[in-house]
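Heavy atoms only: backbone and side chains are in, while hydrogens, waters and symmetry mates are out. Each chain gets a letter, A, B and so on, in the order its sequence line appears, and its residues count up from 1. As the structure is a prediction and not an experimental result, all values here were calculated from the model.
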Protein chains: 2
Amino acid sequence: MTATERLSKRDVNRQETQRLILDAAEKVFAEAGFGGATMQLIADLAGLPKANLHYYFTTKEELYRKVVQNIFEIWLHAADVFDKAPGPVEGIGAYIDAKMEISRRHPEGSKVWASEVMHGAPVIQDYLETTLREWTTGRARLIQKWVDEGKMDPINPEHLLYMLWATTQHYADFGHQIETLNGGKRLGDKQWKEAKENVKRVILRGIGAVT
Amino acid sequence: MTATERLSKRDVNRQETQRLILDAAEKVFAEAGFGGATMQLIADLAGLPKANLHYYFTTKEELYRKVVQNIFEIWLHAADVFDKAPGPVEGIGAYIDAKMEISRRHPEGSKVWASEVMHGAPVIQDYLETTLREWTTGRARLIQKWVDEGKMDPINPEHLLYMLWATTQHYADFGHQIETLNGGKRLGDKQWKEAKENVKRVILRGIGAVT
DNA sequence: TTTAACCCTGACCATATGGTCAAGAAGCGA
DNA sequence: TCGCTTCTTGACCATATGGTCAGGGTTAAA
C-alpha cells in the first residue's frame with residue numbers, strides 16, 4: 001500500500017485502535033512502571049477488552065517497546081533545531097525550549113524513557129548503542145566546533161549534553177515533586193516561562209556563550 | 001533499651017538481618033521498580049528465605065517505605081554543608097560535591113527515589129508535603145538572602161534548586177545511559193572529577209556567583 | 001451475493017506472587 | 001536446667017496476571 005492510496009475503513013480503524021492502545025499504554029507505563037502496569041489497566045483506559053490488545057500487540061513487552069520507540073522518535077526530532085543554528089545561543093537555546101516544551105506537553109513519554117533507562121534499558125539497549133550514540137557524537141562535535149570558534153567556553157560537550165537532558169527532563173520526570181512543592185498546583189504559563197528562561201539563562205551564561 | 005547498654009546477640013543479629021534485607025531490597029527496587037521487584041528476588045539476594053523477610057517487614061509496601069525513608073535521610077544530611085556556607089560559591093559548590101558523591105556511591109537510592117516520585121509518590125507524599133517542603137523553603141530563603149546581598153544574580157531559588165537536583169541526580173538515575181555513551185565503561189575517577197567540575201562551573205558561573 | 005481475509009471478545013488456563021502459618025530451633029534470664 | 005520469648009522456615013493458599021483460543025462478526029474484493 002502506498003501513501004497516496006486511499007485508506008480503507010479497515011485501515012483507518014486499525015490505526016485508530018492502535019493509537020488508542022499506545023496512548024493508554026504510555027500513560028499506564030508512565031504511572032505504574034513496566035512491572036506495575038497491567039494489560040487490564042491499559043485495556044480499561046483504552047476502553048477495549050484485554051484480548052483486543054493482544055490481537056494488535058502480541059505481548060506486553062512488544063507494546064512497551066513500541067511506546068518507548070515512539071518517545072525516542074519525538075526526542076530525536078527535537079534536536080533538529082540544534083543543527084541549523086549558527087551558534088550556541090541559538091542552538092542550545094532552541095534545544096532547551098524544545099525539550100522543555102516536550103516535558104510540559106508530553107511528560108508521560110519522558111517518564112517511560114527515564115524508567116526504562118533507570119532499569120538498565122532492557123528493551124532499548126540497542127538504540128542507546130547505535131542511534132543515540134551517533135546522535136550524541138554528532139552533537140558533541142558541533143559543540144566542540146563552537147568552542148573552537150570561540151563562541152563559548154571550553155566545556156566537555158558530553159557533560160554539557162547530560163546537563164541539558166537533566167535540567168529539561170527533570171520538569172517532566174519530577175513533575176509531581178515540583179507540583180507538590182508548588183502548593184499542589186501544576187505550574188502555570190508564567191511559571192513555565194520562568195523555568196525555561198532560568199534554565200536557558202543559567203546554562204548559556206554558564207558556558208560563556210556569545211552571539 | 002538505651003544506647004549505652006550492651007547489645008545482646010539477638011539484637012545484633014536482628015539489626016544485621018534487617019540491614020541485609022534493606023540493602024538487598026534497595027538494589028532490587030532500583031533495578032526492577034516497585035512493581036517489578038518481588039519478595040523472592042530480594043530474599044535470594046539477601047540469602048534468606050522469603051518468609052523471613054515477612055517476619056521483619058510485614059508487607060512489601062512496608063519494606064519499600066523503609067527503603068525510601070532511608071534514602072531521604074541521606075539526602076537531607078547532604079544539605080548540611082549548604083547552610084553553614086558564607087555564600088553561594090561555597091554553599092552551592094559543596095552541595096553539588098556532596099550530591100554528586102551520593103550519585104556515585106549510592107546510585108540505587110537515587111533511582112528508587114526517582115521511581116517513587118515519577119509514579120506520583122504513592123508512599124512518601126506526606127514527606128514531600130512536610131519535610132521536603134520545609135527543607136526547600138528554608139534553602140530558598142538562604143539563596144534569596146545571597147541574592148539580596150549581591151552575592152549572585154537574581155534567580156528564582158526554587159528553579160535553581162531543581163537544577164541542582166536534576167544535574168546531580170542525573171548521574172545516578174541515568175548512569176546506565178551515560179555508561180553506554182561512554183563506550184560501555186563506567187566513568188573513571190578522572191571523568192567523575194570532570195563531571196563535578198563541569199556542573200559546578202556552569203552553574204556557579206551561570207548564576208553569577210561571586211566570592 | 002459469495003467468499004475469504006481480517007477483526008473482536010468472553011471464557012479460560014498456567015503461572016507467579018504476596019502473604020500466612022504451624023512447628024521447630026535458638027537465645028536468654030532465673 | 002527450665003521455661004519463656006524471639007527467630008526461622010518449608011509448605012501452603014488465594015489471587016492477579018499475561019496470554020490463548022474458538023467462535024462469531026465485519027469488511028471488501030470479485
Side-chain angles (χ1 to χ4, degrees), chain A residues 1-2 5-29 31-68 112 115 119 122-123, chain B residues 1-2 5-29 31-68 112 115 119 122-123:
Chain A
M1 180 185 58
T2 65
E5 235 172 306
R6 200 174 167 287
L7 291 175
S8 68
K9 188 170 171 182
R10 223 179 227 165
D11 291 331
V12 171
N13 266 343
R14 189 182 178 82
Q15 285 198 355
E16 273 177 5
T17 308
Q18 282 183 327
R19 176 104 326 259
L20 204 63
I21 296 171
L22 284 169
D23 285 350
E26 182 177 283
K27 217 168 263 183
V28 173
F29 282 133
E31 280 170 13
F34 179 80
T38 71
M39 294 300 269
Q40 191 61 61
L41 269 171
I42 297 169
D44 289 349
L45 187 60
L48 295 170
K50 182 168 71 98
N52 204 352
L53 307 207
H54 281 285
Y55 176 76
Y56 286 102
F57 305 93
T58 318
T59 65
K60 189 183 171 187
E61 274 83 0
E62 189 192 324
L63 174 54
Y64 175 73
R65 175 175 277 111
K66 288 277 162 59
V67 169
V68 176
V112 175
S115 206
H119 301 154
V123 320
Chain B
M1 181 184 60
T2 65
E5 234 171 308
R6 199 175 167 288
L7 293 174
S8 68
K9 189 170 172 184
R10 224 180 226 165
D11 292 330
V12 171
N13 267 342
R14 189 180 179 85
Q15 285 199 356
E16 272 176 5
T17 307
Q18 283 182 327
R19 175 101 330 255
L20 204 62
I21 295 170
L22 284 168
D23 286 350
E26 183 176 284
K27 217 167 262 184
V28 173
F29 282 133
E31 281 170 12
F34 179 81
T38 71
M39 294 299 271
Q40 191 60 62
L41 269 171
I42 297 170
D44 290 347
L45 187 60
L48 295 170
K50 183 167 69 98
N52 205 349
L53 306 206
H54 282 285
Y55 176 76
Y56 286 103
F57 305 92
T58 319
T59 65
K60 188 182 171 187
E61 274 83 359
E62 190 193 323
L63 174 55
Y64 175 73
R65 174 176 277 111
K66 288 278 163 59
V67 168
V68 176
V112 175
S115 205
H119 300 154
V123 320

Output a table of nitrogen or oxygen pairs between the protein and nucleotides 19-23 of chain C separated by less than 3.5 Å.
residue	atom	partner	partner atom	Å
dG19(C)	OP2	Lys60(B)	N	2.7
dG19(C)	N7	Lys50(B)	NZ	2.8
dG19(C)	O6	Lys50(B)	NZ	2.7

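In this structure, Gln40(B) places its CD atom 11 Å from P of dA16(C), rounding to the nearest Å. The CD-C1' distance, from Gln15(A) to dC6(C), rounds to 16 Å in whole Å. Rounded to a whole Å, the CG atom of Leu53(B) is 14 Å from the P atom of dT17(C). In this structure, CZ of Phe34(A) is placed 14 Å from P of dT17(D), rounded to the nearest angstrom. For Asn13(A) and dA28(D), the CG to C1' distance is 14 Å, given to the nearest whole Å. Rounded to an integer number of Å, the gap from Asn52(A) CG to dA11(C) P is 16 Å.
Note that OG1 of Thr58(B) and CG of Leu53(B) are 11.5 Å apart. Values are rounded to the nearest 0.5 Å. One finds the CZ atom of Arg14(A) at 14.0 Å from the CZ atom of Arg19(A) (value rounded to the nearest 0.5 Å).
Listed by first and then second residue, the salt bridge (charged side-chain N to carboxylate O under 4.0 Å, His left out) pairs that reach into residues 58-68 of chain B are Glu62(B)-Lys66(B), sequence neighbours excluded. For residues 43-63 of chain A, no pair satisfies ring-ring contact (aromatic ring centres under 6.0 Å, His included), with sequence neighbours left out.
An OP1 or OP2 oxygen of dC7(C) is reached within less than 4.0 angstrom by a side-chain nitrogen or oxygen of Arg14(A).
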Determine, step by step, whether Val112(B) and Tyr64(B) satisfy the side-chain contact (heavy atoms from CB on, under 4.5 Å) criterion, reporting the C-alpha distance in whole Å, the side-chain angles of both residues, the deciding distance to 0.1 Å, and the verdict. CA-CA 9 Å; Val112(B) 175; Tyr64(B) 175 73; 4.0 Å; yes
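Contacts between residues 17-29 of chain A and DNA chain D, defined by a heavy-atom separation under 4.0 Å, are absent.
Nearest nucleotide to the Tyr55(B) side chain, out of dG18(C), dT6(D), dT9(C): dT6(D).
As judged by a 4.0 angstrom heavy-atom cut-off over every strand, Ala43(B) is placed among residues making no nucleic acid contact. Backbone-only contact: Tyr56(B) has heavy atoms under 4.0 Å from sugar-phosphate atoms and none from a base.
Salt-bridge check for Lys27(B) with Asp23(B): failed, with every basic side-chain N at 4.0 Å or more from each acidic carboxylate O.
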Could you go through residues 33-51 of chain A and list every donor-acceptor pair under 3.5 Å that involves a side-chain atom there, pairing it with any protein atom two or more places apart or in another chain?
residue	atom	partner	partner atom	Å
Thr38(A)	OG1	Leu41(A)	N	3.0
Gln40(A)	NE2	Asp44(A)	OD1	3.1

